[in-house]
Structure formats: structure tokens, C-alpha cells
2 protein chains.
Amino acid sequence: MTFTPTIRDVARKAEVGIGTVSRVLNNSPSVSEVTRQRVLDVIEELNFTPNPIARRLSSGTTHTVAIILPNLTSPSLVERLRGVQSALADSDYALVLYSAETTERLEELFNTIPNKANADGILIVSIPPTDEHLEHFSKSGVPIVLIDVKEPQLDHVFVDDTIGGEIATQHLIDLGHTNIAFISDPIDTLFSFGAMKNRLQGYKKALRKAGIKFNKGFHVEGLPQAEIVKNLTKDLLRTPNAPTAIFAASDAHAIGVIYAARELGIHIPKELSVIGFDDIRDAEYLNLTTVRQPLFESGHDGIDLLFSTMKQQNGNKPRSIKQDLEIIRRGTTATLQ
Amino acid sequence: MTFTPTIRDVARKAEVGIGTVSRVLNNSPSVSEVTRQRVLDVIEELNFTPNPIARRLSSGTTHTVAIILPNLTSPSLVERLRGVQSALADSDYALVLYSAETTERLEELFNTIPNKANADGILIVSIPPTDEHLEHFSKSGVPIVLIDVKEPQLDHVFVDDTIGGEIATQHLIDLGHTNIAFISDPIDTLFSFGAMKNRLQGYKKALRKAGIKFNKGFHVEGLPQAEIVKNLTKDLLRTPNAPTAIFAASDAHAIGVIYAARELGIHIPKELSVIGFDDIRDAEYLNLTTVRQPLFESGHDGIDLLFSTMKQQNGNKPRSIKQDLEIIRRGTTATLQ
DNA sequence: AGCACTTATGGAACCGGTTCCATAAAAGTT
DNA sequence: AACTTTTATGGAACCGGTTCCATAAGTGCT
């Protein structure tokens, strides 16, 4: 239907060899100015664009980065994806997106994507690989960077979630609170990632340091959907001796908490302090106090790490980038009345 | 470093021809059961996986769908992307993601991506192509589907934004409002897409029908970022004879409006009614009345349209899917006191 | 038995680039 | 002038699949 010229057509018309055309395409210095111009003219005339697939096959490089993330629902994941996308826009690498909504799909992706023929590099976000996966990854020979996972065997970008949990809780303690609840993702399910567990550890650690006894009933687990969290929080706030402060393990959880309080007519921050985690976009206009982690930047850093590994041929020892956490004080936390 | 077997290695080891191996790989019926099993055994033994790039080159198909969207910031775009991603997860097509944050980048993408060698099909979301683009698209011979753009020359999925604007405004009129403002993206910039313009038309139409004069000062333009819209809205609400109802052209705009009202101590919906557009995730927990458009579904429908076009070799006439709009009454609109 | 028709199979040619080796022409050296 | 070195260039071989044509073996029919 449409005629697509090849490098051979260009060569014929410009009366040069195919090697010369290829050299012009790749800016090889060993082409005379006259020839180069002639070839360029023909390329222009035929409206020729090199077939990327043929290029990939012969050069053995895909010019592609794959990213695997658990879903596109969580704002924090989307924010990381934005960072990756933005870092990649300057390069001429394409981004192939895979979302692993189920365990089976994840298994499938982990088994098929890491393959030199598929991508030159892979980013895996917020999914801790098993030892089996790690072995397979290493066999594949494809550079892989983990984001939001601390795994010493691979390059990774991470934050210290234990400290994050600790400073969040400490912030509430500093405000005079002692009845502090913690709402997080279900911990200890297959899909749950270490971050939640570590934030819980930090929470417990801060309590311990302050001499506050950990109250099992004050740890509530549920997926970060407003409706779910809202109901869990309502139950929690209706108990006698309800908490005066809540540490939400993500801003998404915090949103549910805020709406629960609103529906119960409980004033934030006068009657209830709430601190979140992430500092997603919504946090700002919700005026939510939170522990900020650099989401967008994590995408950038991941690409940096990946590219630097892709450039050096042989695998050096894994590197890691630790990102800083910071409390952003806004309007949802206040001293205990 | 890592030995990657090819189809020829498999052929040698199984003592068959390469053609036979290829036939086994592609489930061709004309391979005897004995041979098939022998080949499969060797494939297993060598841990052979066919190189997708080689396959693409020789078969002339990329097994890839590209999606081009204006950004990953807008929740409605992300929701559409989710729909696409989900529809694609069942197929064995990979999704390549391009975000066109600037006009130059968009131009670059529109010129390079539509190429048979790049993708078997392309989805373009919320970006109206120019006539030049359309011509180039058609020359490329790649099936293209537009989402959220009404363009008769191409397959597309769309909603009637004029009607959307009309029913939103009518809803406010029905509640007794006559001082109704409209907040939207800047209209008539290069990047703005027709949707906003049409919602404005619908807004005007509803006013006209109700015999309300269009007040230029009541049409406010700004990008849908909470901070920007908040300030614009504050200015608007401080004017004498301020509106008693606001039609926000997107839920993202509506969020800014809600926060402006909150800061000014204006009660929603008692003193101010607000209706949004889109029904993004946040709308539910903000209890925002809005015009729902099927965002996630638009991604699904786009893929359906694309696949059906990809299957039939020759371009029939462009088809379109019109999605329905629906008012979701929640808590931010009420009768005029 | 002889002939036509299936059924399996091998492998060359091909997809459209890149790379590398061979070679011709130009420039530099003594 | 003879020889070495450098610079440009052509094109075969290659990347790893798919496709198609040729051919061998098997089956059925008269």
C-alpha cells in the first residue's frame, strides 16, 4: 500500500554503497562532505526513516526501557512513573509499560520481560523480587533497577521507611499525643511490600522510645481506598478511648481518615491529628501534614542508575541511592488540647 | 556472557531443519507429533525463547501499541491510560507510552511514532491532530484511534461535550441558580482541546435557553491546578454580585473551587453550588456533584476499535464510539436559598 | 504396479539495518 | 619514483526469526 524506502533504495539513488548510507545515518566521521550531503538529499527526497526494528536486530540493542509496577491506581506510583517518563523524554529510549495487577501476571512479567531482546534495561517499582526472581534476573543479563525496594543484590533507589515511620510517630508524640493509631496496607500478604512493614517498625520504635505501650487494636489494616479506610477509621474512632492522633501509612490512607472524621463531625486538627506519608499531589490542597518522600525524583534517579549501568558493560557491584525523608507540616496535626 | 540459543541451535540439536522449529513455535499443524515433541524437548532443554525482535523484523509486525497523551498529571488521563493498560493486559501486545508535555515534543512524536516499524497501532488521547498530522498519519498506514477527540477522518471514541456542558449548567439552573460561572482550561491555546470549547458552548446554550444573559466576567480560565484555580475562584467570589453556582469544566478545576470556598468560609452547597466534570476517583470522596464520563471505559473502547481495525487489512471508513454522559448528584450542589 | 495426491521436512531467501574486511584513491615520506 | 599511510567507499556477512519452494516419503486409487 505505502512504499517504504529502505537503506538500499537510498544507496541506489544516491549511487553509493549501503555501508555509506549507514555511516551517514550514524554520523560516522569517515564520510566525505560531498557524499554525506548527497545521501542526505536522497534521504530527504525519499522521506526515508530507518526501520527501528531492523536497527535493533542488527545492533543487538532495543532502545527500550521497560517499567513494571503493581498498578496505575496509586497516586504515588503514577508520580514515580511521571518521573521516569520525564527523565526518558530527553533520551531516545522508548518506555514500555507493564502493570502487574495480579500475582499471576506479575509472575508472567518477571519471567518474560527480563530478556535482552525485550528491553535494554528494566525498572521495577515497589515490588520486591523473590530469590528465584533474582536468580532469573541475573541470568538474563539485563540491567535492572528497583525503585522503592531495598535489595542489596540489585541497583536500587530507596528511602528508610523505618525512620519515616519513626519521625511521623515522633511528630505526633512531640505534639503531646499518646493515643496514636496506625493505619496501613495489610501487612504480610504476598503483594505487600516491605515499606509498610518498616513504617510499622518505625511506629513501634517511636512508641517504645517514648515509653508508650503498643496497642494491637490501634493498628488497622486496609487497602488505601477512601471508602475502605473511611469505614475502618469510623470504627476506630467510635471505640471508647479512641486515638487522638492517626499515622496513616500513605496519603491515600490519610484521605480516608479525613473523610471519616468529617462524617463523624470530628474536627481536624483540634480533636484529631492526622499525618500521612508520601506527599502526593492531593496532600497539598488537603493541607495534609505528611512525610514527604521524593516520588517524582525516584523515577529520575532510577533512570540515572539504569543508564549508568547500561553504559558500563560488566556488572559492577550493585549501587543504591538513598533518598531523604522530610516532615511537611501542614494543617492536619496540632498539639493535644 | 550469557549464551542465548537461537532457532538454529535448536534445529541442530533436534536434528531437524530451522523451518520445522519455526513451525513448532508457531503451532503449524503440518508437523508430525514425534518431531514436534522432539523439538519441544530441545527447546525446553536449551531454555530457548524466540527473539521477539527478529520475529518482528521478519513478520513485519511489532506486537506493540503506542499511546500518546498530553501528560501524566491529569487524573482523567491516567484513568484512561488505566483502561487501555487493562484492556491490553489480556493480549500479548506491549504498550509503549509517550507523553507530549510540550508542543515541540508533540510535533516530534506525531512525526516519528506513526510508522509501521514502530507500532502496530496507535492511540492518541485528548490531542486533536491538525490536517497536516492527519495526512501524515494516513500516509503511514498505521491504524490510529483517537480518544476524547471527535475527528471524522479517524476512528475515535468521544463524548458530546456540548451536551455535557449543557446538562451541567441546566442542573444548576434547575436548582434555581442564575448567577452561574464557568471555570475551564484556557480556551484557544494551541494545546487546548476541543472538549473545553464545547463545554463552554453547552454552558452558553443552557443559559440562552433559560433566558440568562452570558456574562463574560463569569468565564474564568486557568490550568487545572488546585492552587491556580483556588486563587482565580477567590477573586471571582469576592466580586460584588458573585456567582451562586460554579460549573467547573473538570473535576480538577472543581477541587480548586472547593478549596477556595473553604478558605473564604463559604459553605458548599448552602452558599455555593459546584458541579464538576469527569467523575475522577477524587470526586467520590469529595462528594462532588459532577458530569460523569466513562474514562476507564474509553481506554477499553479505544483498544477494541484499534484491534478491530488492525485485524481487517484495508481501511474501511472511520468508525466512532459515542459514550454517554450522566450527572452524578452528590453533595456540592443544592437549591438556591 | 503405476500414478496422483497428501503430508513432513529441509533450507535458501528474505526482513532492513550494522559491521567489518577488502580495495581504490589520495596524501605523506624518504 | 617508490613505498607507506590515511581516507572513503563498496558490499558480503550477519543479527534471528518467517516464509515459501523443492523434495522425499507415505497414502489411496485403478
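Convention: sequence-line order gives letters A, B, ...; per-chain numbering from 1. Below, each value reflects all heavy atoms present in this structure, side chains not excepted, and no hydrogens, waters or symmetry copies.
- Classified by interplanar angle (parallel below 30°, tilted 30° to 60°, perpendicular above 60°), the ring pair A:Y93/A:F307 is tilted.
- Between B:H133 and B:F137, the ring-plane angle classifies as parallel under the 30° and 60° cut-offs.
- Within 4.0 Å (heavy atoms only), A:G19 reaches at least one base atom of the nucleic acid.
- Each of A:R38 and B:N26 was matched to the nucleotide of DNA chain D holding its nearest heavy atom; the match closer to the 5' end belongs to A:R38.
- You can see that DNA chain D meets the heavy atoms of chain B within a 4.0 Å-exclusive cut from D:dG16 to D:dC20, reading 5' to 3'.
- Residue A:R56 is out of contact with every strand shown, counting any heavy-atom pair closer than 4.0 Å.
- Neither side chain, A:S99 nor A:N71, offers a donor N or O lying under 3.5 Å from an acceptor on the other.
- The minimum heavy-atom distance linking B:A87 with B:H300 is given by the pair CB-ND1, 3.6 Å.
- Looking only at atom types and distance, the side chain of A:S76 has a donor-acceptor partner in the side chain of A:S74 under 3.5 Å away.
- The residue B:T6 sits close only to the backbone: its heavy atoms come under 4.0 Å of sugar-phosphate atoms, none of a base.
- Among the heavy atoms of the strands, none lies under 4.0 Å from A:E33.
- Between A:S32 and B:A54, it is A:S32 whose nearest contact on DNA chain D lies nearer the 5' terminus.
- In this model, no donor atom of one side chain and acceptor atom of the other lie less than 3.5 Å apart for B:S140 and B:N115.
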